[in-house]
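Data block below; observations after.
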Amino acid sequence: MGGFGGNSHDFGSNLSFGGGTELKNAGDSLNYYLDLSQSRLGRYKTPKGVIPFVNSKQKHLYGAIDYKFADTHTLSADYTFDDSRDRTGGAGEYYKDSSENYLFSLEPKYRGGFLTYEGEFNDKFSLFSNFGVSKRDYRILSSRPNDLPMFSSNASLNNTLYKENILQGELRGTLNLLDEALKFITGAQYKKTTLSADGLDEWGGVEKWKERETSISPFAQVEFKPVPYALFIAGIRHDRYDTAGVKTRSSNPNFRISIFPFAETDHDYTTIWASYKTPSGNERFLPKWLGGNPNLRPEKSKGYEVGLKQRFGEWGKLEASYFRTKYKDMIRLVDLGNFEWLFKNEDAATYKGIEVAAEIYPTEWLTLYAAYTKGRRDDTIHRVRLYGQPDSTLKYGFIISELNGFSFSLLARQQRDFKFSNGTDYHPANKKTLIDTKAMYSWQTGSNIVIEPYLAIQNLAGTTSYTITGNPYILQSRTWQAGVNFRYNF
């Protein structure tokens, strides 16, 4: 499958194939799958003109092979390779123009391979295990002024390479009792990461370090569904971390209660939960001026959601809910000014709001869609609003599916009540409507070949808008991509 872009000088291609075969032993089979893709962006054209030095390219490979034996046991192996380069920040791209703006080149690379076993020994007990190694490299290049090429002799250059070598695995067993109304799940996760950095900044400073982090996390969970109207989940997870010789432990219970008063008709539900999130490697170990904070604490949350789901025969569907989540040590990226950021913990915060979504089916091939989310975030210690993300989002559109081989979609989205983290200035993406559309025709020749020409247009109206980030940059103007999907069924 391939495609090429319009005014962005865009090009991409994709090749996927897979298959399987039954082996001599009854219940044994071998399946394989391979996916290759690449894309590149040669020019970044916006309503304000072409932004210099901005381009990108990506390569992706994924392969997997599964061996199924004795009907209920599967052994699989997979490998993933991703390599990309995204250059951004050229003169004119930032919403707030400044001589201190940087031209960035973000160059992540990932390689990882995993072995997985899944098996059912009988109708009561099943086992899952996963083991693999992966490597993440993340090179960050930045230079200024951003109206000069990155490697110009007159540009100040920062060059940092972060590396993560990861060994990880999981073992999990599940016991089903009472005709699967009662379920016990227990297991453990292991992860060993070697992190290192090697860099040089524009002031002559050298960043060079190497750290190790090991985590062992046993867990257990009970799920009980005595009647179709209720689901109870309770569990505990114990995390033991050793980060650069600093040992921490944390036991975190989790629970969830889901009530479905009209389960047979899927009308109504209530959900209560608690969860736990550890800081990511980027949040802790990025350069300090990009937000890295090695002292981040894990984020904990608990909350509830009450909602309604109603289907109106074959003509439509309505979903509505109210949610409220309380966070302790919520992780946020805060703009410090002067093009510096910091991931930090909020001692206590609340996020609450409503979600409403509706679908209408006037015919079997037409779907009308609309969804609205309205919420707000508050620092409950200092009793102040937390800004920096949209308070409301509106999405709407329609989809035509398989009308004599023709498919078409038009989807619009808008962010509203969106202020910068200072809570004073509105974000330039506020109230900007972006419309994307795609048309495709599916043509089958014989029984094996399917050809699907398509045309996709992003930002159909050419609206001037910006990324939903703390330091926003301008989005491309109207872009189009045309191509052909080709499928051959062996």
Side-chain angles (χ1 to χ4, degrees), residues 20 22-23 25-31 64 66-78 114-131 169-190 216-239 251-277 301-314 317-323 325 355 357 359:
E22 298 290 334
L23 303 179
N25 295 329
D28 291 6
S29 63
L30 189 66
N31 301 285
D66 299 337
Y67 172 52
K68 185 176 181 180
F69 58 97
D71 281 331
T72 59
H73 300 265
T74 302
L75 185 64
S76 60
D78 66 82
F114 290 84
L115 292 174
T116 303
Y117 166 79
E118 296 181 80
E120 295 182 7
F121 291 87
N122 49 50
D123 59 356
K124 290 183 171 55
F125 181 72
S126 62
L127 186 67
F128 170 89
S129 64
N130 176 268
F131 176 81
E170 178 180 353
L171 180 65
R172 181 175 72 241
T174 302
L175 180 64
N176 293 298
L177 300 174
L178 304 178
D179 292 328
E180 298 191 358
L182 180 62
K183 185 181 294 186
F184 295 93
I185 303 170
T186 186
Q189 295 175 335
Y190 172 82
I216 301 175
S217 304
F219 58 88
Q221 182 168 293
V222 179
E223 300 180 6
F224 184 44
K225 193 172 186 179
V227 293
Y229 312 101
L231 173 64
F232 303 92
I233 298 175
I236 188 169
R237 175 187 175 99
H238 180 72
D239 294 284
S251 295
N252 300 282
N254 68 83
F255 64 90
R256 182 182 293 265
I257 301 173
S258 299
I259 307 296
F260 310 94
F262 305 101
E264 300 301 325
T265 53
D266 197 23
H267 278 65
D268 191 25
Y269 66 91
T270 300
T271 300
I272 302 172
W273 73 86
S275 63
Y276 175 83
K277 173 191 170 186
S301 64
K302 59 182 179 180
Y304 65 88
E305 181 177 6
V306 180
L308 169 72
K309 293 182 180 179
Q310 175 67 61
R311 187 175 181 92
F312 302 96
E314 300 298 323
K317 181 174 65 174
L318 174 67
E319 298 183 10
S321 65
Y322 171 82
F323 60 88
T325 305
E355 294 179 334
E359 292 183 2

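Note that this is a predicted model, so its numbers are computed, not measured.
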field: Main-chain N/O of Ala70 paired with Asp28 side-chain donor or acceptor, under 3.5 Å
entry: yes
field: Taking every non-hydrogen atom, the tightest pair across Ala230 and Lys225
entry: O-CG, 3.1 Å
query: If you round to the nearest 0.5 Å, how far is OG1 of Thr186 from CZ of Arg172?
result: 11.0 Å
message: Tell me if a side-chain donor or acceptor on Ser126 pairs with a main-chain N or O of Gly173 at a distance below 3.5 Å.
response: no
message: Please determine whether side-chain contact (heavy atoms from CB on, under 4.5 Å) holds for the pair Thr72 and Phe121, giving the CA-CA distance in whole Å, both sets of side-chain angles, and the decisive distance to 0.1 Å.
response: CA-CA 8 Å; Thr72 59; Phe121 291 87; over 6 Å; no
task: Kindly indicate whether the side chain of Leu171, heavy atoms from C-beta on, has any atom under 4.5 Å from the side chain of Leu127.
output: yes
task: Would you list the pairs meeting salt bridge (charged side-chain N to carboxylate O under 4.0 Å, His left out) in which at least one residue belongs to residues 114-123, sequence neighbours left out?
output: none
message: Nearest 0.5 Å, please: how far is CD1 in Ile185 from CD1 in Ile233?
response: 8.0 Å
For the student: nearest non-hydrogen atoms of Ser76 and Asp66, plus distance: CB-OD1, 2.7 Å
task: Locate the shortest heavy-atom distance separating Phe219 from Glu170; write the atom from each residue and the value.
output: CZ-OE2, 3.8 Å
- line: The reported gap from CG in Leu318 to CD in Glu359 (rounded to nearest 0.5 angstrom) is 10.5 Å
query: Counting heavy atoms not belonging to Asp179, are there more than 12 under 6.0 Å from its CG?
result: no
- request: First locate atom CG of Leu75, then atom NZ of Lys68, and finally report the distance between them rounded to the nearest 0.5 Å.
  value: 13.5 Å
message: Do Leu182 and Val222 have side chains that approach each other closer than 4.5 Å (heavy atoms only, starting at C-beta)?
response: yes
task: Compare every heavy atom of Leu115 with every heavy atom of Ala77, then report the nearest pair and how far apart it is.
output: CB-CD2, 3.6 Å
- request: Measure the CZ-CZ distance between Phe114 and Phe131 for me, rounded to the nearest 0.5 Å.
  value: 9.5 Å
task: May I ask you to decide whether Asp239 forms a salt bridge with Arg237, counting only side-chain N to carboxylate O separations under 4.0 Å?
output: yes
- prompt: Is the centre of the Tyr67 ring less than 6.0 Å from the centre of the His73 ring?
  reply: no
query: Quick one: does Leu177's side chain get under 4.5 Å of Phe184's, heavy atoms only?
result: yes
message: As an exercise, state the distance from NZ of Lys124 to NZ of Lys183, rounded to the nearest 0.5 Å.
response: 14.0 Å
